[in-house]
Undergrad: 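Please read through the structure below; I'll follow up with questions.
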Amino acid sequence: MTAAGGALIAIESVAKRYVTSSGPVDALDNVSLSVAEGEFCTLIGPSGCGKSTLLGMLGGLVSPDRGRLLVAGGPVTGPDPRRVATVFQDAGLFPWRTALENVEFGLELQGVPAERRRRRAGELLGPLGLGGFAERYPRELSGGMKQRVAIGRALAIDAKILLMDEPFGALDEQTRVLMGEWLLDIWRRTRKTVIFVTHSLHEALFLSTRVAVMTARPGRIKSVLELTMEYPRSMESPEMVALRAKLWSEMREESLRAMQ
Amino acid sequence: MKVALLRLGLLAALLAVWELAGRAANPLLAVPPSAVVPALRDLLLLRSYPRLPASLWLTVREIGVAYALAVAAGLGCGFALGMNRLLGRAWGPMIAALYAVPAVVWYPSLMLFFGLDAASKIAFGFLLGFFPITLAVLAGVRQVNPHLVLVARAYGAGVVVVFFRVMLPSMLFTLVGGLRTGLALSVIGVVVGEILGSKDGMGALINHAYGLLRTGDYVALVLVTLLLVVGSDVLASGLERRARRWSE
Ligand SMILES: Nc1ncnc2c1ncn2[C@@H]1O[C@H](COP(=O)(O)OP(=O)(O)OP(=O)(O)O)[C@@H](O)[C@H]1O
Ligand SMILES: [Mg+2]
């Protein structure tokens, strides 16, 4: 699976503890995972197990207390938008920018000329179902639309690695399925490396080449499932049904632990 | 349209009350609007106070300097306190408390220190304008959503870009409001300073007319000064509206 002889992303025994006014919180404990170029790797696990924290580390926004993270062989020392683009859990749009201007943001910071970045952003809005909403401000958009603008903003900078933190969390079931198909299409055409966080078993099984199940806090990697089925996948095949049952039981265990 | 009519109505009513009261009272102490018109004409034709243009220009310059200093110091202090959590916690409340002190109490010492010339007026206008600007910056910095700062950093923004692309737009409305209040107070500071004691400027002319009981001239001078204040506020509110449209 490895393209160039090594993993594109290597997470080596990282740990993270947040110190808050009400005491320390161990978010991650000894997480190791490596992701090869072109993979679609999904993180799934109970709420609060540190998935967003892990993505934050990969994006260079959170530093680990122990362990290290390598991207393309080099340690992550800070945000690197030429290589890594992030879709945040809550869209994080700039309220004073229109949908189009939000999508343009990353290109603007990279110094892409106005006309070119406008064209590029405009091309992205159509497939995101935002064709008629380019000039709208975030407060005029629904939750799902905002999330799609955030996806557009990440895709616009065309980084090799795409970190997506529950990007479809705010969408209705049908749109979610459509957006999943659309993302699959993009991923297969561009061969980006995607790290994707979701709570949806369906999404994980439908999209991923690999699913990493995380334990309840402090988060660790509980198990990793390799999915080798062809795309587009049928959710009804016996293989899929068996995988689904397996994934469900692992997650159930952790979710129960997280609730205690 | 209705708003304009209502405004005109109020103005007319006020003028009528003023006229009636002015005619009834001692003409040395009060003047009806009908008596102000000739005084205003004499003033504008530079018959009563030939010094008017020079005085007006001096006052405008004092306001300009006082406001420029207030903006520079207010932005500087505001951002320094806003960005530094410890300093902000320690000194922010003290600034808010000082703002609540009636500023006129400082004026005698300013005059002792800076003398009767422009410097003490500028210092007073500065003092009045400084506080609302500083406090607006402090409040504005607190409005910035830290998550958006994180998002911007993820897309490659450094300190400078975060400041101009995230912080300024987030706080723009509050900031411009503070700048507007600061301007109004700087104008008040300079004019009040001139009235309380000076050799030149609009306040000195007002003082002169008032002291000699030239009540018509006095009112005419006040009207000209009022024009200055209203003019600066109209300018500022225009800027505020533009900022609001841009930041929303
Ligand atoms: N900045 C922070 N300061 C303090 N604690 C934090 C911070 N960020 C996260 N945490 C804590 O760390 C733990 C992991 O948080 P994280 O957001 O990574 O979880 P998550 O797996 O993404 O959860 P969810 O599925 O609900 O999004 C949580 O207990 C959270 O309260
Ligand atoms: Mg999360």
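Since we're looking at a predicted model, the values are computed, not measured. Each chain gets a letter, A, B and so on, in the order its sequence line appears, and its residues count up from 1.
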Undergrad: Above 12 or not: heavy atoms from other molecules or residues under 6.0 Å from OH of B/Tyr99?
TA: yes
Undergrad: Is the number of heavy atoms from other residues, nucleotides or ligands under 6.0 Å of B/Arg7 CZ greater than 12?
TA: no
Undergrad: Spell out the residues in residues 152-167 of chain A that have some non-hydrogen atom less than 4.5 Å away from a non-hydrogen atom of chain B, in order of number; otherwise answer 'none'.
TA: A/Arg153, A/Ala154, A/Ile157
Undergrad: Restricting to pairs with a member in residues 180-195 of chain B, which pass side chain to side chain donor-acceptor pair (under 3.5 Å), not counting sequence neighbours?
TA: B/Thr59-B/Glu194, B/Arg180-B/Asp233, B/Arg180-B/Glu240
Undergrad: Residues of residues 132-156 of chain B under 4.5 Å from chain A (heavy atom pairs)?
TA: B/His147, B/Leu148, B/Leu150, B/Val151, B/Ala152, B/Arg153, B/Ala154, B/Tyr155, B/Gly156
Undergrad: Within a radius of less than 6.0 Å around CH2 of B/Trp106, do more than 12 heavy atoms belonging to other residues, nucleotides or ligands occur?
TA: no
Undergrad: For atom CZ of A/Arg17, is the number of surrounding heavy atoms from other residues, nucleotides or ligands below 6.0 Å larger than 12?
TA: no
Undergrad: Around atom CH2 of B/Trp91, are there more than 12 heavy atoms of other residues, nucleotides or ligands at under 6.0 Å?
TA: no
Undergrad: What distance separates A/Trp96 CH2 from B/Ser170 OG, expressed to the nearest 0.5 Å?
TA: 3.5 Å
Undergrad: Could you tell me the separation between the CZ atom of B/Arg165 and the CZ atom of A/Phe94, rounded to the nearest 0.5 Å?
TA: 10.0 Å
Undergrad: Determine which residues belonging to residues 59-93 of chain A lie within contact range of chain B, meaning some heavy atom pair is under 4.5 Å apart, and list them by number or answer 'none'.
TA: A/Gly60, A/Leu61, A/Pro79, A/Pro81, A/Thr86, A/Phe88, A/Asp90, A/Gly92, A/Leu93
